[in-house]
Amino acid sequence: MLIEENRDTGVLRIEGLKNFNPKHIFECGQAFRWNWDGQGYVGVVGDKVVRVLWERSTLTLENATYDDFNIVWLDYFDLNTDYGRIIEKLSRDPILVEAIRHGWGIRILNQDPWETLISFIISARNGIDRIKATVERISQKFGEKISWAGRDYYKFPSIDVLADADEDELRSCGCGYRGPYIKGTAQLIRSGEINLDALKYMDYEDAKEQLLACPGVGPKVADCILLFSLRKGQAFPVDVWIGRIMEELYSQEMKEFKDIREFAENRFGDIAGYAQQYLFYYAREKQIGKAPSKR
DNA sequence: AAACAGGAACCAC
DNA sequence: GTGGTTCCTGTT
């Protein structure tokens, strides 16, 4: 990996990178604050706005510095993980090969646990576009403004701000019945009863048990938080899309989501979550289980 | 414009 | 612990 910084333009180039496809990374349902703006994918991460471009094994980050790279982006984009090795392992399962081919360049981001927790509470019984819109409105209403290249962006709000949020204002962001869950969870986190940062150092089962104590967090949402922000590679979030694709590809007797989760943990082990990402992207791309749209 | 899509809580038993 | 019902909003 060769890194080249231009301090005048704020452009950082990382060369010699493999397995990085922004479209697949940002549109596989793991993150909600990345949008295509005509030039690249622009995202708000922590207190930073960055634009991401990828071309011929060169990753370009606009509005980034070398220091940011070491402190934030290296870990955020999971650049120290050898995806070639993960793909090789998963490809031993012939059923996965086609899904991996479609979703080439997917990476599991290492996101902020707090933002991920709230985002996936919002995700319950919800679609990606609506989740994104709701998270954006919550950030606009409760988060701090940051500006870049003539546009305004908003940080994801702090624990304190959401713990004290006015319920009507929260609801006006379009979160519906999840509003009280968001506030309740924020208060639970603020109380210190659950220490999100500590979950990273706990094993999968213990961390999951803690997350399940948050209102609005069930098995699927907990697995998303564990996988996308707490480095728990064995987490295998099962939603309707995964249910459909697993039924189609593995045609197992899996009546319930719990059965699918157990099947995946047994079959894929500590890289089950990576398999899940390929399968999810594949299922959505193929519109599995959906009738062809009438026109 | 009624139907639909999408996980968790809650209350029975 | 299992089964059925309800929660909210944007899209078709």
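Below, chain A is the first sequence line, B the second, and so on; all start at residue 1. Computed from a predicted model, the values in this text were never measured in an experiment.
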message = What is the separation between atom CG on A/D168 and atom P on C/dC8, rounded to the nearest whole Å?
response = 13 Å
Could you go through residues 120-129 of chain A and list every donor-acceptor pair under 3.5 Å that involves a side-chain atom there, pairing it with any protein atom two or more places apart or in another chain?
unit_1, atom_1, unit_2, atom_2, d
A/S123, OG, A/F120, O, 2.7
A/N126, OD1, A/R130, NE, 3.4
A/N126, OD1, A/R130, NH1, 3.4
A/N126, ND2, A/I122, O, 3.0

ask   = Any salt bridge (Lys or Arg N to Asp or Glu O under 4.0 Å) pairs touching residues 206-219 of chain A, not counting sequence neighbours?
value = A/K208-A/D223
request  = Could you pick out which residue, A/R178 or A/E256, lies toward the 5' side of DNA chain C when each is mapped onto its nearest nucleotide?
outcome  = A/E256
query = Looking at residues at least two apart in the chain, or sitting in another chain, which of them share a ring-ring contact (aromatic ring centres under 6.0 Å, His included) with A/F77?
reply = A/F20, A/W73
key: Ion pair check, A/R101 and A/E98, cut-off under 4.0 Å   = yes
request  = Identify, with sequence neighbours excluded, every residue that meets salt bridge (charged side-chain N to carboxylate O under 4.0 Å, His left out) alongside A/K183.
outcome  = none
Could you list the donor-acceptor pairs under 3.5 angstrom formed between side-chain atoms of residues 26-34 of chain A and any protein atom two or more places apart in sequence or on another chain?
unit_1, atom_1, unit_2, atom_2, d
A/E27, OE1, A/K23, NZ, 3.3
A/E27, OE2, A/Y41, OH, 2.7
A/Q30, OE1, A/L109, N, 2.8
A/Q30, NE2, A/I25, O, 3.0
A/Q30, NE2, A/R107, O, 2.7
A/R33, NH1, A/S139, OG, 3.3
A/R33, NH1, A/Y154, O, 2.6
A/R33, NH2, A/E136, OE1, 3.3
A/R33, NH2, A/E136, OE2, 3.1
A/R33, NH2, A/Y154, O, 2.9
A/W34, NE1, A/Y76, OH, 2.9

inquiry  = Please list all pairs meeting salt bridge (Lys or Arg N to Asp or Glu O under 4.0 Å) that have one or both residues in residues 163-176 of chain A, counting only residues at least two apart or in different chains.
reply    = A/D164-A/R190
query = Is there any salt bridge (Lys or Arg N to Asp or Glu O under 4.0 Å) pair reaching into residues 108-120 of chain A, and which pairs are they, with sequence neighbours excluded?
reply = none
Return a table of donor-acceptor pairs under 3.5 angstrom between the side chains of residues 140-151 of chain A and protein atoms on other chains or two or more places apart.
unit_1, atom_1, unit_2, atom_2, d
A/E144, OE1, A/K155, NZ, 3.2
A/S147, OG, A/D152, OD1, 2.7

query = What's in the same ILVMFWY side-chain cluster as A/V11, cut-off under 4.5 Å, chained through other members?
reply = none
inquiry  = Please encode protein proximity along nucleotides 7-13 of chain B as a string of B, S and -, counting only heavy-atom distances under 4.0 Å.
reply    = BSS----
ask   = B/dG6 P sits how many Å from A/F120 CZ, rounded?
value = 15 Å
message = Measure NZ/A/K132 against C1'/B/dG6 and give the value in whole Å, please.
response = 17 Å
Carboxylate-amine/guanidinium proximity below 4.0 Å for A/R13 and A/E5 = no
Distance in angstrom units between A/E167 CD and C/dC8 C1', rounded = 15 Å
Between protein and nucleic acid, restricted to nucleotides 10-12 of chain C and to nitrogen or oxygen atoms under 3.5 Å apart, what atom pairs and distances do you find?
unit_1, atom_1, unit_2, atom_2, d
C/dG10, O4', A/R130, NE, 3.4

key: Length of the CD1-C1' vector between A/I138 and C/dC8, whole Å   = 14 Å
Axis-to-axis angle between the two ends of the helix from B/dA2-C/dT12 to B/dC13-C/dG1 (five base pairs per end, rounded to 10 degrees) = 40°
